[in-house]
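Sharing a structure here in C-alpha cells format.
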Amino acid sequence: MRSKDGNNLVVDCKCGCDNGIRIRVDKEDEDTYWFFRNYGKDKELEKLRKDLIDFRVTFDVWSSEIKVREAGFIEKALSILKEKGYIYEHEGATWLKTSMYTDEKDRVIVKADGNYTYLLPDIAYHANKLSRGYTHLIDVLGADHHGYIDRLKAAVSMVGGNSDLIDVEILQMVRVLENGVEVKMSKRSGKAITLKDLIEEVGADALRYFYVDKSLSTHMDLNLDLMKQKSNENPVFYAQYAHARIKSIFAKYEESNKEVSFVNKFNNLNLSSVKDLCLVLLQYQSVVEECATKRLVHKMTHYINELAYQLHSFYNEEKVITENDELTKEKLTVLKAVEIVLKDALSLIGVSAPDKM
C-alpha cells in the first residue's frame, strides 16, 4: 500500500508467517519502486486473466492506460481538439466543449494542477481506434456511468468520427441472493464476492447462463440456491438435461445392437406429435440473427428454454423407441435435429451440453 504522503510504497508479507515482514520502498529509488509496482500489477492482472479464462471469456487485446499515455496518444488527441477549436482555458483548467453536442455542460479534461481527468485518456484511446480504421465501437459501462454517454459520444465526434460510430451499453447492477437473502457487498469494508468465488460456488455453466438470461438493461438477481439445484426449476439444468436425455435415448437404441440411421421421409410418424417441437426448431435461424444484429443475447436463453420444454413434453407424451423400427427412426431423426440445435445454441452462450447427467 502507499504511505499517506504518497512518496513510499509499503509491501506487506502475505505468506502467513509470523515474521511480520514489511518492505518500505522510497519512491526516489525508482528502480526498486517500479519493480514492486509492476510486479504487483502483473500478478493481479494474471489472476484476472485466469478467472476470465475459467469463465470462458478471452480478449484478443488488453490495452493499458499507461501504454496509451507513453505512446503519446493523449497529446495527439489534445492537439486535434485544440486545432479544431473544441477546447478552452478557464480558471486554470482545460475544458472540452461537449455542450456543443448533447451533453448538458462542458467538461474538464485537464485539471488546474495539470492532471488529466478520466475523460481525456478515454478520448485518446477511442481516437486511436478510429485512426486504425475501426468503424464501429462498443463500450460496456456500469450503471453509475450513464451520464458518461453524451460526453463520450461528443468527444468521438470531435476527434474525427461521429456519434453514430459508438454504441454504449449500460450494464445494470447485480444482486447475489442466498437462502432468500441478499448477500451484501461493500468495497469499503473489503467484503466482496469475486467472479472466482461464484465459479467455485455454482460452476461456470450456471453462472454464464444466468448472466445471459437477462438483458443488460435489467437488474439481475443471481440466486445461488437456484443455480445449484438439480431440478427443472433451474433453467440451465433443465436445458442440459434435455440434451443428456436425447443422448441417453440414442445410447439405449444402440444397446439393442441396432445402427442409428436417419430418414428424410416421415410415413409413420404422427406429425401433430412433433409439430410444436419442429416449429421451435424452425425459429432458430431468426433467433440467432436477432441476437447478433440487435445484441439481445438473452433471446438465446429464452429460445433454449422453449426448445428444452418442447423436448421434455414430447418425451413425456411419446414413446420414442417402439417395436416399429421405421417409426423409431423417424422419431430419432427429429430428436437428432433437436440435439444439434440445442448443443449449438448452448455453445453460443458458452455453456456445455453434457451427454450424461
Side-chain angles (χ1 to χ4, degrees), residues 55-58 136 138 167 169 203-218 220 227 232-251 253 260-321 327-357:
F55 193 47
R56 301 166 196 160
V57 173
T58 56
H136 196 173
I138 302 174
D167 290 339
E169 298 282 1
D205 278 341
L207 192 56
R208 287 186 64 96
Y209 199 98
F210 273 72
Y211 263 124
V212 173
D213 196 43
K214 300 292 184 182
S215 67
L216 287 179
S217 59
T218 303
M220 184 184 303
M227 295 165 80
N232 292 344
E233 299 299 316
N234 181 351
V236 65
F237 177 87
Y238 189 66
Q240 290 180 320
Y241 186 54
H243 183 269
R245 173 166 270 177
I246 295 172
K247 299 296 285 189
S248 70
I249 292 171
F250 279 108
Y253 183 76
V260 177
S261 60
F262 305 109
V263 300
N264 53 25
K265 291 184 179 180
F266 298 88
N267 299 317
N268 301 277
L269 182 61
N270 180 0
L271 297 181
S272 63
S273 67
V274 294
K275 175 183 149 185
D276 292 338
L277 192 55
C278 290
L279 286 175
V280 175
L281 287 174
L282 289 171
Q283 296 170 17
Y284 186 52
Q285 181 175 338
S286 62
V287 171
V288 172
E289 289 177 355
E290 184 178 20
C291 289
T293 57
K294 297 181 181 179
R295 296 200 299 277
L296 299 175
V297 190
H298 64 283
K299 297 276 189 177
M300 186 57 68
T301 58
H302 297 177
Y303 176 82
I304 292 170
N305 290 343
E306 178 62 20
L307 184 59
Y309 170 77
Q310 293 298 341
L311 181 280
H312 289 306
S313 297
F314 174 77
Y315 177 85
N316 291 331
E317 294 174 4
E318 292 284 329
K319 184 177 180 181
V320 178
I321 300 176
L327 174 60
T328 299
K329 288 179 180 179
E330 292 177 15
K331 290 183 176 181
L332 290 177
T333 299
V334 175
L335 292 191
K336 185 62 179 178
V338 177
E339 177 199 332
I340 292 171
V341 171
L342 190 55
K343 184 175 183 178
D344 191 69
L346 286 168
S347 72
L348 289 178
I349 59 173
V351 174
S352 67
D355 292 349
K356 294 181 180 181
M357 293 182 69

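Heavy atoms only: backbone and side chains are in, while hydrogens, waters and symmetry mates are out. Position 1 is the first residue of the sequence, and the numbers go up from there.
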| note | When every non-hydrogen atom of F237 is compared with those of N232, the smallest separation belongs to CD2-N, 4.4 Å
| field | Atom pair CZ (F266) and CG (L271), whose distance is rounded to the nearest 0.5 Å | value | 8.0 Å
| task | Kindly check if the number of other-residue, nucleotide or ligand heavy atoms within 6.0 Å of CD (E233) is above 12? | result | no
| query | Is any side-chain N of the basic residue among D205 and R56 closer than 4.0 Å to the acidic one's carboxylate O? | reply | yes
| message | V351 vs Q240, test: side-chain contact (heavy atoms from CB on, under 4.5 Å). Steps then yes/no. | response | CA-CA 9 Å; V351 174; Q240 290 180 320; 3.7 Å; yes
| remark: Nearest heavy-atom approach of M220 to F210 is SD-O, 4.0 Å
| request: Answer yes or no: does atom CZ of F314 have more than 12 heavy-atom neighbours from other residues, nucleotides or ligands under 6.0 Å? | output: yes
| Heavy-atom closest contact (R208 atom, I349 atom, distance) | NE-O, 2.9 Å
| said: Once rounded to the nearest 0.5 Å, what's the spacing between atom CG of L277 and atom CG of L307? | reply: 6.5 Å
| request: Please name all residues satisfying ring-ring contact (aromatic ring centres under 6.0 Å, His included) with Y303, sequence neighbours left out, ordered by chain then number. | output: Y284
| Do V288 and M300 have side-chain heavy atoms sitting under 4.5 Å apart? | yes
| request: Only one of L335, L279, V334 passes side-chain contact (heavy atoms from CB on, under 4.5 Å) with V274; say which it is. | output: V334
| If every non-hydrogen atom of V320 is compared with every non-hydrogen atom of L332, which pair is closest and at what distance? | CG1-CD2, 3.9 Å
| When rounded to the nearest 0.5 angstrom, what distance separates CG in N270 from CG in L327? | 9.5 Å
| said: Rounded to the nearest 0.5 Å, what separates atom CG in D167 from atom CZ in R295? | reply: 4.5 Å
| said: For a 4.5 angstrom cut-off between non-hydrogen side-chain atoms, does M227 reach V236? | reply: no
| Heavy-atom closest contact (E318 atom, S273 atom, distance) | OE2-CB, 3.4 Å
| L269 CG to T328 OG1 distance, which is reported to the nearest 0.5 Å | 10.5 Å
| note | Nearest heavy-atom contact between T301 and Y209 is O-OH, 3.4 Å
| said: Determine whether V260 and K329 satisfy the following criterion, side-chain contact (heavy atoms from CB on, under 4.5 Å), listing intermediate values before the conclusion. | reply: CA-CA 8 Å; V260 177; K329 288 179 180 179; over 6 Å; no
| message | Does K343, at its NZ atom, have more than 12 non-hydrogen atoms belonging to other residues, nucleotides or ligands within less than 6.0 Å? | response | no
| field | Spatial distance of atom CD (E330) from atom NZ (K265) [nearest 0.5 Å] | value | 11.5 Å
Could you give the side-chain donor-acceptor pairs of residues 242-251 under 3.5 Å, partners two or more places apart or in another chain?
| from | atom 1 | to | atom 2 | distance (Å) |
| --- | --- | --- | --- | --- |
| H243 | ND1 | A353 | O | 3.4 |
| H243 | ND1 | P354 | O | 3.0 |
| R245 | NH1 | H312 | ND1 | 3.1 |
| R245 | NH2 | Y241 | OH | 3.4 |
| K247 | NZ | E339 | OE2 | 3.3 |
| S248 | OG | R245 | O | 2.7 |

